[in-house]
Amino acid sequence: MITPTQYKINSAYNLFLSKLILWYGLYNRVKADQEQGYEPIKNYEKMLNLQATVSSLLPNMEQLNRTNITSYYPLIDDIELIKLFKEVTG
């Protein structure tokens, strides 16, 4: 049985993780477009918007105890994805 508090934590973390995954997809898309010589303006702007959102949510998400959080994305290594996000955004 899941408590209402844990449900809210799970929902918030999974929403954060969704935005982080979207950012990662756009980051890879922009990077691939630039390597091919394209100017990915729309994807770049979307990526920056998601980057700002994820950056604002990240401090709160890092304080959570992840052992009790049930992820909607069990095949995604969220810790490595957060680490990559920090490396890219500096």
Side-chain angles (χ1 to χ4, degrees):
M1 183 78 185
I2 190 168
T3 65
T5 305
Q6 188 61 44
Y7 177 78
K8 288 179 184 179
I9 292 170
N10 287 351
S11 297
Y13 189 76
N14 283 301
L15 180 63
F16 163 76
L17 200 52
S18 296
K19 291 182 185 306
L20 186 59
I21 292 168
L22 284 172
W23 170 85
Y24 182 65
L26 283 170
Y27 170 73
N28 285 333
R29 181 68 178 169
V30 166
K31 196 164 106 176
D33 285 349
Q34 288 174 341
E35 288 172 359
Q36 294 176 2
Y38 300 120
E39 294 293 324
I41 296 171
K42 282 189 177 182
N43 286 337
Y44 185 72
E45 289 173 352
K46 289 178 187 176
M47 182 191 75
L48 289 180
N49 286 338
L50 279 170
Q51 184 173 319
T53 303
V54 170
S55 291
S56 68
L57 294 172
L58 187 59
N60 292 334
M61 295 301 136
E62 286 185 313
Q63 294 176 359
L64 294 176
N65 180 3
R66 291 190 185 105
T67 56
N68 296 330
I69 294 176
T70 305
S71 175
Y72 296 157
Y73 308 98
L75 300 177
I76 303 271
D77 187 355
D78 55 339
I79 295 170
E80 284 298 315
L81 195 53
I82 290 170
K83 190 169 140 183
L84 176 75
F85 177 81
K86 287 180 179 179
E87 288 174 7
V88 169
T89 59

Is the shortest heavy-atom distance from the side chain of L20 to the side chain of Y24 under 4.5 Å? no
In this structure, would L15 and L57 fall into the same cluster of hydrophobic residues linked by side-chain contacts under 4.5 Å? no
If you measure only the distance, is there a donor-acceptor pair under 3.5 Å linking the side chains of E45 and N49? no
Measuring only between side-chain heavy atoms, which start at C-beta, is S71 closer than 4.5 Å to N14? yes
Tell me whether N43 contacts the main-chain N or O of L26 through its side chain, where contact means a donor paired with an acceptor under 3.5 Å. no
Are I69 and Q6 close enough that some pair of their side-chain heavy atoms sits under 4.5 Å apart? yes
Give me the ring orientation class for Y13 and F16: parallel if the planes are under 30° apart, tilted from 30 to 60°, perpendicular past 60°. tilted
Before you tell me yes or no, could you show the steps for I2 and N10 under side chain to side chain contact (heavy atoms under 4.5 Å, CB included), namely the whole-Å CA-CA distance, both residues' side-chain angles and the distance that decides it to 0.1 Å? CA-CA 10 Å; I2 190 168; N10 287 351; 3.2 Å; yes
Can you find a pair of side-chain heavy atoms, one from Y73 and one from S18, that are under 4.5 Å apart? yes
Could you pull out every donor-acceptor pair under 3.5 Å between side chains of residues 82-90 and any protein atom, sequence neighbours left out?
from: K86; atom 1: NZ; to: E62; atom 2: OE2; distance (Å): 2.2
from: T89; atom 1: OG1; to: F85; atom 2: O; distance (Å): 2.7

What pairs of residues pass the salt bridge (Lys or Arg N to Asp or Glu O under 4.0 Å) test when at least one of them lies in residues 16-26, not counting sequence neighbours? none
Scan residues 29-40 for pairs that pass side chain to side chain donor-acceptor pair (under 3.5 Å), counting only residues two or more places apart or in two chains. none
